[in-house]
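Proteins get letters first, then strands, A, B, ... in listed order; numbering begins at 1 in each. For the numbers below, each heavy atom of this structure counts, side chains included, while hydrogens, waters and symmetry mates do not. Given the structure is predicted, the values throughout are model-derived calculations rather than measurements.
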Number of protein chains: 2
Amino acid sequence: MSKLDESLLIGLPPFSRLERPQIREILDLAVPRRYDTGSAIFSEGAEAERFYLLLDGFIRVIRTTPTGEQIIALHIAPGQLFGIAPALQRDTYPAAAMAAADCIALSWPVRLWNDFIAKYDGFATETYRTVGERLGEMQTRIVDLATKAVEQRVAAALLRMVNQTGRKTEEGIEIAFPITRQNISDMTGTTLHTVSRLLSAWEKDGLVKSTRKHVVVTSPHGLMMLCGATD
Amino acid sequence: MSKLDESLLIGLPPFSRLERPQIREILDLAVPRRYDTGSAIFSEGAEAERFYLLLDGFIRVIRTTPTGEQIIALHIAPGQLFGIAPALQRDTYPAAAMAAADCIALSWPVRLWNDFIAKYDGFATETYRTVGERLGEMQTRIVDLATKAVEQRVAAALLRMVNQTGRKTEEGIEIAFPITRQNISDMTGTTLHTVSRLLSAWEKDGLVKSTRKHVVVTSPHGLMMLCGATD
DNA sequence: CGCCGTTTTGAGGGTTCTCAAACGGGGTGG
DNA sequence: CCACCCCGTTTGAGAACCCTCAAAACGGCG
């Protein structure tokens, strides 16, 4: 097995304050693995055995209800830690993670977590900053779900994805991973039918362009208008 | 000013592993204060200058939307830390806190946070456990808001409050702080009218009893039934 | 080329919101 | 001590929004 290159981790928030030799140590303890689109990395409620760092691809964090409906709690972009249950003293994962696109991720056994915290300056700090950001994002989502109409929620969801994982193209900004109407409805608590109708309407208005499993936002500003007020 | 008694902190999760002298140190650094019902402890977006421990009363954590609607993110019970922005490397509070009942709270300047983490065994661990629990609770709320009908959300909200802060009475279990229909609607993303109708219906069915600013759940089991499935 | 998963579009109905008005109880001030 | 006033609550009617059910078109992959 070839050694992982140190450049993979250099500059990423949790490791930004570390020197090369320390990064080497960390990499030597990591297990790299590939996950095909749609495959599960871990399941909700499962024993939290490892924590992960996404190198490439996109991860969907999914929560399932007792009645079988599922909602997408979060998307993880390359360079981010995920499955960090140990950071919160949990011994099971609170949600499932699946690959939204083909992914490469490193992972470490949870027993190393405390070592990392103790040994590597800035690792704890940066990690808890991430937790804080996700917590803030979740609060925003709660507020959105509680107060906004469906149209505004869908617009907000698109904007969030564009901001976090957008990729510029000549047409506009493209969401960088495959996404279906059903996926969007799972993020916003609505139905794929309503999402389809909204996207069709927006396409007519020149705000977005979409094909199968693929969305390009041509006018982020226009979507932002929709989020603000119904008027 | 009389010294605070050490028994205030003994046994509380963040301090459970500490010895008396350490608790003494912590108490001597704390500023105690009383907050009248309805008064603000801190505001959303404000500079995070202090972190708090609630000794008595109840705190509502509130997020306000650009359009002025507000939703209640969380309730804090006695013995819990709140305003712990520093734990997540934030320099502003992500939400406002107001006293839902008359409250007594201790507080410390944020610059002591890192000292506490470094100096007191278990403080970090227990605090992050709390963060983890709140994060899990928020995920559950997101799922509820996204998938459940209004009736189920209101039932779930009542049950959550009963579980976290319930007080047994001869009639049933009483929510331990003053709460209006409007408050409940702010927690569930609905209107006070709908909440009023639901409570009236449930009272007729013998599930709850309510007076002004006051709710007693007489049949938690019955409410749990409502949460599960609409059928 | 055929199948399956995704998307589109229509019609109808139900839940919940909005608007409106009146009631009740508790606290405050006279 | 009583009366008034304010805040919280109740209830009704109508409408809007979105979901459910249904069916067909589309496009990629084997």
Do A/W202 and A/L226 come within less than 4.5 Å of each other through their side chains, counting heavy atoms only? yes
For B/F51, does its backbone N or O pair with a side-chain atom of B/S107 as donor and acceptor, under 3.5 Å? no
May I ask you to check whether B/T65 and B/T67 show a side-chain donor-acceptor distance below 3.5 Å? yes
Which residues share a salt bridge (charged side-chain N to carboxylate O under 4.0 Å, His left out) with A/E137, sequence neighbours left out: none
Salt bridge (Lys or Arg N to Asp or Glu O under 4.0 Å) pairs touching residues 192-203 of chain A, sequence neighbours excluded, are none
Show your reasoning for whether side chain to side chain contact (heavy atoms under 4.5 Å, CB included) applies to A/Y52 and A/R50. CA-CA 7 Å; A/Y52 299 79; A/R50 308 184 73 78; 4.0 Å; yes
Working to the nearest 0.5 Å, report the span between OG1 of A/T165 and NE2 of A/H75. 7.5 Å
Using atom types as modelled and distance alone, determine if a side-chain donor or acceptor of A/D205 lies under 3.5 Å from a backbone N or O of A/L207. no
Answer whether the closest heavy-atom distance between the side chains of A/L106 and A/L55 falls below 4.5 Å. yes
Using modelled atom types only, decide if a donor and an acceptor are shared between the side chain of A/D102 and the backbone of A/T37 within a distance under 3.5 Å. yes
N/O donor-acceptor pair under 3.5 Å between B/N183 side chain and B/T180 backbone: yes
Measure the distance from CG on A/L226 to P on D/dC17 and round it to the nearest whole Å. 14 Å
Determine, step by step, whether A/E44 and A/I62 satisfy the side chain to side chain contact (heavy atoms under 4.5 Å, CB included) criterion, reporting the C-alpha distance in whole Å, the side-chain angles of both residues, the deciding distance to 0.1 Å, and the verdict. CA-CA 8 Å; A/E44 182 176 340; A/I62 298 172; over 6 Å; no
Can you pull out the residues from residues 186-201 of chain B that lie within a 4.0 Å heavy-atom distance of DNA chain C? B/G189, B/T190, B/T191, B/H193, B/T194, B/R197
Between the first and last five pairs of the helix from C/dC1-D/dG30 to C/dG30-D/dC1, the angle of the axes, rounded to 10 degrees: 40°
Please list, in 5' to 3' order, the outermost nucleotides of DNA chain C lying under 4.0 Å from any heavy atom of chain A. C/dG5 to C/dA11
Specify the residues of residues 203-214 of chain A, ordered by number, for which at least one heavy atom lies under 4.0 angstrom from an atom of DNA chain C. A/R212, A/K213
